[in-house]
Every structure is written in C-alpha cells, then in structure tokens.
**Q** 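Next up is a structure, given as structure tokens.
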Amino acid sequence: MEIAPLEMTPVKMSAHSHLGESQEIAKEPAVSFGEMLKDALKKTNELQIESDKLNMAMAAGRVEDISQVVVASQKAEIAIQLTLQLRNRAVSAYQEIMRMQV
C-alpha cells in the first residue's frame with residue numbers, strides 16, 4: 001500500500017452572504033508582529049503630539065472648543081496606558097519564559 005505525501009496547497013476561502021451572493025475573500029499580505037507594533041507606537045506618538053499641540057494652542061488662547069483638547073488628551077492617555085500594559089505583559093511573558101527549566 002502506497003501512502004501519498006501531504007500537499008501544501010493554499011486553501012481557497014470564500015464567504016456567502018445571507019442574500020445568496022458569494023465573494024472571494026481577498027488574501028491580504030501578512031503583516032509581521034514587528035510592523036504592527038511599530039505602527040501602533042507611531043499612532044500613539046501621533047496622538048501624544050496632537051494632544052500637546054492642542055494644549056499649547058489652548059494655553060495661547062487659540063482654541064474655541066475646549067472639548068477638543070480634552071478628547072485629544074484622553075485619547076493620548078488611553079493609548080499610552082495600552083502601550084504600557086502591552087509592554088508589561090511582554091516583559092512578564094519574557095520573564096516567565098526565562099524561568100522555564102529546559
């Protein structure tokens with residue numbers, strides 16, 4: 001009895017809507033974890049810079065609506081908190097891996 005080797009062919013995926021339409025799911029190029037992390041840090045930095053600009057404009061009296069400043073500050077603060085929590089989790093995971101006995 002001959003056993004055929006496994007073939008590593010890509011699986012074709014499709015989605016069906018409840019209306020009877022079918023569409024191909026576009027295969028997007030895979031984005032590395034490093035690229036996603038870099039983009040997230042860049043967005044966090046942009047939010048912080050925007051918040052700083054609005055705070056300086058408010059101090060100079062050039063802001064009509066103070067709610068824009070508050071919203072920008074809160075967005076930046078939440079982004080920084082998320083970044084710090086991700087860093088803490090990554091450090092914790094690294095420390096856990098280093099404690100493992102091989």
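These numbers were taken from a predicted model, which means no experiment stands behind them.
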**Q** Would you give me the side-chain donor-acceptor pairs under 3.5 Å for residues 84-102, sequence neighbours excluded?
**A**
unit_1: Asn88; atom_1: ND2; unit_2: Leu84; atom_2: O; d: 3.3
unit_1: Glu96; atom_1: OE1; unit_2: Arg99; atom_2: NH2; d: 2.8

**Q** Less than 3.5 Å apart, which donor and acceptor atoms pair up between the side chains of residues 59-73 and the rest of the protein, not counting sequence neighbours?
**A**
unit_1: Asp65; atom_1: OD1; unit_2: Ser67; atom_2: N; d: 3.3
unit_1: Asp65; atom_1: OD1; unit_2: Ser67; atom_2: OG; d: 3.0
unit_1: Asp65; atom_1: OD2; unit_2: Ser67; atom_2: OG; d: 2.8
unit_1: Ser73; atom_1: OG; unit_2: Ser51; atom_2: OG; d: 3.4
unit_1: Ser73; atom_1: OG; unit_2: Val69; atom_2: O; d: 3.0

**Q** Check the pair Glu35 / Lys38 against salt bridge (charged side-chain N to carboxylate O under 4.0 Å, His left out), numbers first and verdict last.
**A** CA-CA 5 Å; Glu35 288 295 319; Lys38 191 187 310 182; 3.6 Å; yes
**Q** Flag yes if Ile80 and Leu47 sit in one hydrophobic cluster, no otherwise; membership is Ile, Leu, Val, Met, Phe, Trp, Tyr, and two members link when side-chain heavy atoms are under 4.5 Å apart.
**A** no
**Q** May I ask you to decide whether Glu46 forms a salt bridge with Lys43, counting only side-chain N to carboxylate O separations under 4.0 Å?
**A** no
**Q** How long is the gap from NZ on Lys53 to CD1 on Ile49, to the nearest 0.5 Å?
**A** 7.0 Å
**Q** Between CD of Glu50 and CD of Gln48, what distance do you get to the nearest 0.5 Å?
**A** 11.0 Å
